[in-house]
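One structure is given below, encoded as structure tokens.
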2 protein chains.
Amino acid sequence: MPRAGLTPQTVVRSAAELADEVGYDKLTLAALAGRLGVALPSLYKHVRGADALDRKLAALAVGELADATTTAAAGRAGADALRAVAAAWRDYARRHPGRYQAAQRVPDHADPDHVAAGERALAPIYAILRGYGLTGDDAVDAARILRSAVHGFVTLAAAGGFGLPRDLDRSFDQLVAVLDTALRDWPEMTR
Amino acid sequence: MPRAGLTPQTVVRSAAELADEVGYDKLTLAALAGRLGVALPSLYKHVRGADALDRKLAALAVGELADATTTAAAGRAGADALRAVAAAWRDYARRHPGRYQAAQRVPDHADPDHVAAGERALAPIYAILRGYGLTGDDAVDAARILRSAVHGFVTLAAAGGFGLPRDLDRSFDQLVAVLDTALRDWPEMTR
DNA sequence: GACAGAAGCTAATGGCATTAGCTTTATGGC
DNA sequence: GCCATAAAGCTAATGCCATTAGCTTCTGTC
């Protein structure tokens, strides 16, 4: 019997593809083993179990999302950077719905790679905010707002929560325009 | 042996409580049966199965969310209404994390109650937007933005996605302030 | 070429969901 | 008041998934 030649890497990468294809909730060790042409328990030679796989997949996905947004932000600033990062973000979520969902898991403090990937994903956001002159508490609030808006949009869109026929691209452009305006005229109010 | 006296109503309500207590992902027919003091298969006398229970729970939760936001909007307009609805929304999600997650399931077209609840939940949002003078496509875009921002915020907050110690209430106030500004000075841009 | 370790396997266990079929309890008509 | 019936509950059986244990076989190194 020839060997399948699996590694932790290939197993996680295959899990990512499977999650994107069938949905994160239907990602199962049994289905993954089937896709890899291997008996289910064999996977335990490469990952500690279903929960560990989920964590590794989250780390992978956050890292990829960080790469995508970082690349999009390179060489840009202001509204230009905001648009590019938001577009890359949404694009990643659409192209990789399973991974994007997996990425929402909060990093385990004991996994430095996952934690680092999470920080890398935040970096382009704070870079954009610096470009708008926002730092400190303002930047924290603004980052939360930016993340909330974009994440909320792609999540609701992916779930089919936007029923009406109105073009989604238009709505997303408006969302980004609103964020740009908000960051330019940052409300001084609550201080 | 005395009867438990269950009904579809009590089963779904108990499921809602259980989901809030242990988390939506850990809501299981086995756990629900245990809480109700009944053997697992007995639940099938009241609900068609796990998936049907999820759907009923979603309908219940969306209805409750609609009630909460509708009540908050009553007698208010403009920024006042926006603040009240956003607060009620966030409050519901925090008080009922399991239900809120359940509510994200898109209504089955064959379930009129669920569909109606979904429309009731949208009503206060569109009412607010009318108060800002937004109708038609503008209202659709604005509603999507509003929903994205608030839903994204409560989702990320619930998942523990906001790591930093900065006060969440402050950030949420800023979010609502940003939305208020955006709705007042609605960008005419993309048309 | 032998051996050590890794990669794979089968078998067994336990949890959950579902279906089938049985027993018992309420209840409504006579 | 009694009995028939439908509903509410039960146990038993099946199937899928995750996990663990323990065995076999491949592969690379001396």
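These numbers were taken from a predicted model, which means no experiment stands behind them. Convention: sequence-line order gives letters A, B, ...; per-chain numbering from 1. Heavy atoms only: backbone and side chains are in, while hydrogens, waters and symmetry mates are out.
Computed from coordinates, the B:Leu29 CG to D:dG15 C1' distance equals 16 Å when rounded to whole Å. The separation between A:Leu53 atom CG and D:dA18 atom P is 10 Å, rounded to whole Å. Put simply, NZ on A:Lys26 is 15 Å from C1' on D:dC17, counting in whole angstrom units. We find that NZ of A:Lys45 is positioned 11 Å from C1' of D:dT20, with the value rounded to whole Å. At whole-Å resolution of the value, CG in B:Leu36 and P in D:dA8 are 14 Å apart. Rounded to whole Å, the distance from CZ on A:Arg48 to P on D:dA21 is 13 Å.
Nearest-nucleotide mapping onto DNA chain C: of B:Ala50 and A:Gly37, the residue sitting toward the 5' end is A:Gly37.
Under 4.0 Å is where a charged nitrogen must lie from a carboxylate oxygen, and between B:Asp113 and B:Lys56 no such pair does. Between B:Arg83 and B:Asp173 there is no salt bridge, since none of the side-chain N atoms of the basic residue sits less than 4.0 Å from a carboxylate O of the acidic one. Ion pairing between A:Arg170 and B:Asp141 fails under the 4.0 Å rule for side-chain N and carboxylate O.
A cation-pi arrangement is not found for B:Arg90 relative to B:Phe153, the charged atom failing to lie both closer than 6.0 Å to the ring centre and inside a 45° cone about the ring normal.
Of all nucleotides listed (D:dA18, C:dG8, D:dC10), D:dC10 comes nearest to the side chain of B:Ser42. The side chain of B:Tyr44 approaches C:dT18 more closely than any other nucleotide in the set C:dA7, D:dT20, C:dT18. The side chain of A:His46 approaches C:dG8 more closely than any other nucleotide in the set C:dG8, C:dA17, C:dA20. Nearest nucleotide to the A:Thr28 side chain, out of C:dA17, C:dA7, D:dC17: D:dC17. Of the candidates D:dA18, D:dC10, C:dC9, the closest approach to any side-chain atom of A:Leu40 belongs to D:dA18. Closest contact between the side chain of A:Pro41 and the listed nucleotides D:dC17, D:dT20, C:dA7 involves D:dT20.
Remark: the A:Tyr100 side chain and the A:Asp20 side chain contain no N/O donor-acceptor pair separated by less than 3.5 Å.
Across all strands, B:Leu6 comes closer than 4.0 Å only to sugar-phosphate atoms, never to a base (heavy-atom distances).
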